[in-house]
Number of protein chains: 2
Amino acid sequence: MRCVGPTLSDKELRDLQDQYSFNPEIEERAEFYNLISNPIRLKIIHLLREKEAVCVCDLKDIFGVTAAAVSQHLAKLKAHRIAKSVKQGQTVFYSLTEHPFLSLIPLQ
Amino acid sequence: MRCVGPTLSDKELRDLQDQYSFNPEIEERAEFYNLISNPIRLKIIHLLREKEAVCVCDLKDIFGVTAAAVSQHLAKLKAHRIAKSVKQGQTVFYSLTEHPFLSLIPLQ
DNA sequence: TAAGTATTTAAGCAAGTTCTAAAGTAATTG
DNA sequence: CAATTACTTTAGAACTTGCTTAAATACTTA
């Protein structure tokens, strides 16, 4: 049942339902915002804009968390194709991709 | 203990620790991204850019959830000073504030 | 003023997030 | 080749999120 108060017309309501109830573009963007809503992941992105490529080992020292925690954050960034990795010996270097959504994050 | 592999110098590491281990600006931005990482809240923001002021009752019909759910999302937007409300009779109209972080969200 | 409408608040639950410790894999080195 | 280092994966605890239902509040109207 519709509300009675001074509200939208039936047509306006239908239009907004069509536009918003299912909207993959906005939903995809929300998912990206969720990815960068973690302070460590957002910091990793800023840091990789500055440093090009950094290993897990250094990231764990910078943020003061375990290597496991850093590795899990990097795996999420990688799963969203925001970061990529290159193995050099036993060291894994992470760097940013050219993902278009990265432009949603302003430079420092 | 520092890593042994081909990594950052001690000085680079200290500089990055200083810059990132505690960084309220980035942390505040991450918190905002968390706010807009929910698809309904992000859609409400886009919708209010289009419609100026909309009541809880219409939002519940647009998104197909209960009024309680919408009200809780709006309360979060309000707590972060992204939205404000005006009561007209028994109807509560919500609209956007001029919060600077809103510029982080591109127009449709 | 009783009933109905709009909204908020509270309680509770299921699902998701993020950390740690521990175990597993792979490369390096004494 | 055993030990060490770098990293990943797994499992589990603590916490957060987002919904629903139900109750509470506020306003309107018959």
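Predicted, not measured: the structure shown is a model, and the values here were computed from it. By convention in this document, chain letters (A, B, ...) are assigned in the order of the sequence lines, proteins followed by strands, and residues within each chain are numbered from 1.
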Between [options], which one does the side chain of [X] approach most closely?
X: A:T91; options: D:dC7, C:dT9, C:dT8; answer: D:dC7
X: B:A67; options: C:dT8, D:dT20, D:dT8; answer: C:dT8
X: A:A69; options: C:dT20, D:dG18, D:dA26; answer: C:dT20
X: B:A68; options: D:dA26, D:dA6, C:dT8; answer: C:dT8
X: B:K76; options: C:dT7, D:dT17, D:dC27; answer: D:dT17
X: B:R41; options: C:dT7, D:dG18, C:dA21; answer: D:dG18

| query | Counting any heavy atom closer than 4.0 Å, what does B:A75 reach on the DNA or RNA strands: base, sugar-phosphate only, or nothing? | reply |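 The residue B:A75 makes no contact with any strand.
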
Rounded interatomic separation in angstrom, taking [atom1] from [X] and [atom2] from [N]:
X: A:K87; N: C:dT25; atom1: NZ; atom2: P; result: 13 Å
X: A:E31; N: D:dG18; atom1: CD; atom2: P; result: 14 Å
X: A:I40; N: C:dC19; atom1: CD1; atom2: C1'; result: 9 Å
X: B:F63; N: C:dT7; atom1: CZ; atom2: C1'; result: 17 Å
X: B:L35; N: D:dT16; atom1: CG; atom2: P; result: 16 Å
X: A:F93; N: D:dT5; atom1: CZ; atom2: P; result: 17 Å
X: B:K78; N: C:dT9; atom1: NZ; atom2: P; result: 8 Å
X: A:L59; N: D:dA6; atom1: CG; atom2: P; result: 13 Å

| query | Which pair of non-hydrogen atoms, one from A:R29 and one from B:P106, has the smallest distance, and what is that distance? | reply |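 Answer, listing the atom of A:R29 first, then B:P106: NH1-CD, 3.8 Å.
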
| message | Ignoring hydrogens, what is the shortest heavy-atom contact between B:I26 and A:K43? Give both atom names and the distance. | response |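 For B:I26 and A:K43, the tightest heavy-atom pair comes out as CG2-CG, 3.8 Å.
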
In terms of side-chain heavy atoms, does [X] have a donor or acceptor partner in [Y] at a distance below 3.5 Å?
X: B:S85; Y: B:K78; value: yes
X: B:Y33; Y: B:E28; value: no
X: B:H99; Y: B:R81; value: no

| Could a donor-acceptor pair under 3.5 angstrom be found where the side chain of A:Q72 meets the base of C:dT20? |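 Per atom types, the contact qualifies.
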
| field | Heavy-atom donor-acceptor pair, A:Q90 side-chain to C:dT29 base, under 3.5 Å | value |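 Between C:dT29 and A:Q90, which were checked side chain against base, a qualifying N/O pair under 3.5 Å is absent.
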
| field | Heavy-atom side-chain contact between B:F101 and B:H80 under 4.5 Å | value |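 B:F101 does not reach B:H80 side chain to side chain.
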
Look at the side-chain N and O atoms of [X] and state whether any lies under 4.0 Å from the OP1 or OP2 oxygen of [N].
X: B:H73; N: D:dC19; answer: yes
X: B:S71; N: C:dT7; answer: no
X: A:N34; N: C:dT17; answer: yes
X: B:N38; N: D:dT17; answer: no
X: B:Y94; N: C:dT8; answer: yes

| request: Could you check A:G64 against A:G89 and say which one's nearest nucleotide on DNA chain C is further toward the 5' end? | output: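 Looking at DNA chain C, the more 5' nearest nucleotide goes with A:G64.
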
| task | Under the salt bridge (charged side-chain N to carboxylate O under 4.0 Å, His left out) rule, what do B:K11 and B:D15 come out as? Steps first, then yes or no, please. | result | CA-CA 6 Å; B:K11 166 152 178 35; B:D15 287 350; 2.8 Å; yes

| query | Angle, rounded to 10°, between the helical axes spanning five pairs at each terminus of the helix from C:dT1-D:dA30 to C:dG30-D:dC1? | reply |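 Computed from the C1' atoms at both ends, the axes differ by 0°.
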
| task | Can you establish whether the number of heavy atoms outside B:E31 located under 6.0 Å from its atom CD is more than 12? | result |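 Counting neighbours around CD of B:E31, 12 or fewer heavy atoms of other residues, nucleotides or ligands fall under 6.0 Å, so no.
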
